[in-house]
> 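Here it is, the structure, as structure tokens.
Throughout, residue positions are numbered sequentially from 1 according to the sequence presented. Counting starts at 1 for both ligands and their atoms, in listed order.
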Amino acid sequence: MSVILVIDDEKLQRDILRTILEDEGFETHTASSAEEGLEIIKKIRPDVVLTDLKMEGMDGIELIDSLPEEPFKPTTIVMTAFGTISSAVDAIKKGAFDYLTKPLDKELLLVTIKRAAERAILQKENLRLQKDLYGKFSFEGIVGHSQKMVEAIEVVKKVCSSNVNVLILGESGTGKELIARAIHYNSPRKTKPFVAVNCAAIPENLIESELFGHEPGSFTGATSRSIGLFESANNGTIFLDEIGDLPALTQSKILRVLQDKEIRRVGSRDSIKINVRIISATNKDLEKEIINKTFREDLFYRLKVITINLPPLRERKEDIPDLVSFFIKKYNREFGKRINGIDDNAMKAIIEYHWPGNIRQLESVIERAVIMCETRNISLKDIKSELRFIQGSGILDIDLPDEGINFDELEKELLKKAMEKANGVAAKAAKLLGMTYKTFWYRWEKLGSSSPKKEAVP
Ligand SMILES: Nc1ncnc2c1ncn2[C@@H]1O[C@H](COP(=O)(O)OP(=O)(O)OP(=O)(O)O)[C@@H](O)[C@H]1O
Ligand SMILES: [Mg+2]
């Protein structure tokens with residue numbers, strides 16, 4: 001049931017309104033002045049306030065100015081004498097929901113109150129959803145206490161409140177989009193749009209019209225006006241993902257947008273002022289692309305006012321246990337399961353793996369494991385099929401004997417194979433096996449492998 005507060009300095013009017021509204025089932029309170037009204041608003045947090053405009057002391061407009069901020073701001077309807085509609089218009093400009101002229105028409109009064117009550121409910125629901133959303137992209141949703149991750153998050157926190165363009169670098173699946181959203185949803189632009197664009201996924205001939213919009217008839221197939229992604233993101237943030245894949249022509253157009261802060265729809269002569277923050281991301285080495293002349297240097301410097309480097313998961317394995325529990329909880333909730341954790345052998349296998357697909361890949365392994373697991377603990381058998389699949393690099397395509405495998409022999413084989421593949425360059429072979437150069441030589445010599453001779457440390 002919605003709660004209504006009626007503010008009017010005429011007692012008779014208050015009493016009539018109370019009766020009408022209570023008959024309709026609204027919980028109704030009354031106040032005889034704006035000052036008293038504000039006190040009551042603080043205490044009972046009404047959904048709707050129906051207030052007279054002209055009152056002794058504080059008037060209705062001043063009352064609107066003094067209302068509490070969201071989420072406690074009530075939806076307000078003002079009542080005004082016929083002939084003073086201009087003050088009702090002022091009230092609307094200040095944020096009132098609607099106005100009614102006196103003498104009041106009962107039907108219109110009830111319809112207006114019901115609409116206002118519905119809006120108040122929607123507003124509350126929206127705020128709740130927004131809160132959930134911010135929660136989802138809050139810093140608690142970014143797991144990781146490794147030094148590298150802590151450093152990255154420190155930078156993220158610092159850039160939130162500013163407007164600077166941010167470039168996020170990292171391999172696939174390291175959390176670039178998660179970070180971009182965290183920046184937006186913790187910035188003053190958080191109530192404005194966040195528009196994510198995958199630059200690599202838009203066909204080259206459509207990219208300009210997708211980004212900047214087009215006018216009807218500007219090219220074959222453009223039958224109606226279309227608003228581009230930059231315009232949709234106005235006052236908010238645009239996330240240009242896979243920026244390294246932008247064609248040269250589009251790069252220069254984006255550079256122009258950054259310089260002039262305006263866009264022009266394809267086929268239009270007029271420019272439109274826009275205010276967007278650009279967060280871009282790539283897993284490419286842009287500096288190399290600049291040398292190869294496939295990425296514009298001037299655009300690069302505009303985009304990377306601040307750079308955030310997200311380390312690959314294999315360089316921050318200490319984050320794995322926390323990530324695993326985080327994803328178990330997430331998928332417990334999603335699939336209604338009650339898995340407590342993961343046993344030691346399974347954790348060991350997960351930590352040993354090198355995760356080329358980074359966190360995205362770890363997340364999907366845990367998701368599958370949560371589905372497969374029939375006990376309270378994920379064990380090796382729940383992830384075995386996944387890990388075997390992902391670990392199948394081909395290097396160990398051997399038939400295991402029924403018993404008695406000689407590990408030293410196996411390792412020797414592996415080192416030799418790596419050396420062969422690396423054409424005898426030990427540093428390369430070490431890299432192939434994910435070992436340091438030193439470790440490689442230590443094992444190579446320990447296992448008594450013959451030549452090649454140790455080379456100079458590169
Ligand atoms: N630090 C983290 N804590 C929790 N979840 C994370 C973290 N980093 C990434 N994730 C999750 O991993 C998945 C992949 O992250 P995201 O999409 O942000 O990566 P990306 O770098 O944009 O990947 P791609 O390059 O493949 O687009 C998402 O589901 C994301 O929520
Ligand atoms: Mg991404």
Side-chain angles (χ1 to χ4, degrees), residues 132-157 159-160 166-187 194-202 229 233 237-246 278-286 289 295 303-304 306-335 341-342 350-351 353-371 383 386 390:
D132 282 1
L133 193 64
Y134 301 152
K136 197 167 161 201
F137 297 114
S138 71
F139 297 108
E140 285 91 78
I142 305 173
V143 180
H145 60 269
S146 57
Q147 184 61 26
K148 287 185 172 169
M149 212 43 208
V150 168
E151 279 167 19
I153 295 172
E154 276 302 302
V155 181
V156 171
K157 284 187 174 161
V159 298
C160 281
V166 178
L167 174 65
I168 306 173
L169 300 175
E171 287 179 12
S172 174
T174 44
K176 297 187 291 294
E177 181 151 356
L178 182 78
I179 295 290
R181 286 182 191 272
I183 295 175
H184 172 77
Y185 287 107
N186 289 287
S187 80
F194 174 89
V195 176
V197 187
N198 185 342
C199 301
I202 309 175
L229 295 163
T237 305
I238 193 163
F239 174 51
L240 300 175
D241 201 0
E242 319 275 6
I243 187 99
D245 291 278
L246 275 183
I278 301 189
I279 303 182
S280 40
T282 183
N283 52 20
K284 288 200 171 163
D285 181 349
L286 287 185
E289 306 277 320
F295 202 84
L303 293 174
K304 64 153 234 152
I306 298 286
T307 307
I308 294 172
N309 278 299
L310 292 181
L313 190 52
R314 64 184 168 280
E315 285 176 17
R316 48 176 172 127
K317 289 199 165 181
E318 61 270 47
D319 287 341
I320 289 181
D322 283 351
L323 282 162
V324 168
S325 347
F326 180 80
F327 292 134
I328 291 177
K329 276 196 204 113
K330 174 172 171 185
Y331 289 104
N332 267 345
R333 268 198 309 270
E334 195 163 323
F335 301 124
I342 184 162
I350 286 182
I351 291 180
Y353 183 57
H354 63 287
W355 300 106
N358 293 296
I359 303 180
R360 183 194 304 289
Q361 188 186 13
L362 175 63
E363 179 169 359
S364 86
V365 167
I366 300 297
E367 178 184 3
R368 297 271 303 253
V370 169
I371 298 173
I383 56 167
E386 282 292 311
I390 53 190

> Heavy atoms only: which of Asn358, Leu313, Ile142, Ile359 is nearest to atom 8 (N) of ligand 1?
Ile359

> To the nearest 0.1 Å, how far is atom 6 (C) of ligand 1 from its closest protein heavy atom, and which atom is that?
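Going by distance alone, atom 6 (C) of ligand 1 is nearest to Leu178 CD2, 3.5 Å.
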
> Working note: Lys148 + Asp319, criterion salt bridge (charged side-chain N to carboxylate O under 4.0 Å, His left out); need CA distance, chi angles, decisive distance, verdict.
CA-CA 10 Å; Lys148 287 185 172 169; Asp319 287 341; over 6 Å; no

> Hey, can you tell me if Phe194 and Tyr185 have their rings parallel, tilted or perpendicular (30° and 60° cut-offs)?
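Correct class here is tilted.
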
> Is the shortest side-chain heavy-atom distance between Ile183 and Thr237 below 4.5 Å?
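They are not in contact (no side-chain heavy atoms under 4.5 Å apart), so the answer is no.
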
> Taking distance alone, with no angle check, do Glu242 and ligand 1 share an N/O pair under 3.5 Å?
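No, since none of the N or O atoms of Glu242 sits under 3.5 Å from an N or O of ligand 1.
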
> For Gly175 and ligand 1, does the shortest N/O to N/O distance drop below 3.5 Å?
yes

> Could you check whether Ser172 and Asn283, counting side-chain N and O atoms only, form a donor-acceptor pair closer than 3.5 Å?
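No.
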
> Quick one: which of Lys176, Arg360, Arg314 gives a salt bridge (charged side-chain N to carboxylate O under 4.0 Å, His left out) with Glu171?
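The salt bridge (charged side-chain N to carboxylate O under 4.0 Å, His left out) with Glu171 is passed solely by Arg314 among Lys176, Arg360, Arg314.
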
> Mind checking whether Gly141 has a heavy atom under 4.0 Å from ligand 1?
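Checking ligand 1 against Gly141, which is what was asked, there is a heavy-atom contact under 4.0 Å.
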
> So which protein heavy atom does atom 3 (N) of ligand 1 come closest to, and at what separation?
Val143 N, 2.9 Å

> For residues Ala180 and Ile168, report the shortest heavy-atom separation together with the two atoms involved.
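For Ala180 versus Ile168, the nearest heavy atoms are N-CD1, 3.8 Å.
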
> Check this for me - ligand 1, Glu177, N or O atoms closer than 3.5 angstrom, yes or no?
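Yes, there is a polar N/O contact under 3.5 Å.
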
> Does an N or O from Lys330, backbone or side chain, lie closer than 3.5 Å to an N or O of ligand 1?
no

> Quick check on Leu323 - does any of its heavy atoms sit under 4.0 Å from an atom of ligand 1?
yes

> Considering non-hydrogen atoms only, spot the tightest contact between Ile351 and Pro321 and give its length.
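Nearest heavy atoms, Ile351 then Pro321: CD1-CG, 4.4 Å.
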
> Tell me which protein heavy atom sits closest to atom 21 (O) of ligand 1, plus the residue, atom name and distance to 0.1 Å.
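Ranked first by proximity to atom 21 (O) of ligand 1 is Lys176 N, 2.8 Å.
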
> Can you tell me if Gly173 has a non-hydrogen atom under 4.0 Å from ligand 1?
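Judged by the 4.0 Å heavy-atom criterion, Gly173 does count as contacting ligand 1.
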
> Is there a side-chain contact between Phe327 and Ile359 in this structure, where contact means two heavy atoms from C-beta onward sitting under 4.5 Å apart?
yes

> Do Leu286 and Ile243 make a side-chain contact, defined as non-hydrogen atoms from C-beta onward lying under 4.5 Å apart?
yes

> Do Ile308 and Leu167 make a side-chain contact, defined as non-hydrogen atoms from C-beta onward lying under 4.5 Å apart?
no

> Starting from atom 24 (P) of ligand 1, what is the nearest protein heavy atom, named by residue and atom, and what distance separates them?
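Scanning the protein heavy atoms, the shortest distance from atom 24 (P) of ligand 1 goes to Arg360 NH2, 3.2 Å.
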
> Checking contacts here: is it the side chain or the backbone of Glu363 that comes within 4.0 Å of ligand 1, counting heavy atoms only? Could be both or neither.
side chain

> Please work out whether any backbone atom (N, CA, C, O) or any side-chain heavy atom from C-beta onward of Phe327 is under 4.0 Å from ligand 1, and answer side chain, backbone, both or neither.
side chain

> So, regarding Phe326 and ligand 1 (criterion: nitrogen or oxygen to nitrogen or oxygen, under 3.5 Å), is there a contact or not?
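It does not: no N or O of Phe326 is found under 3.5 Å from an N or O of ligand 1.
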
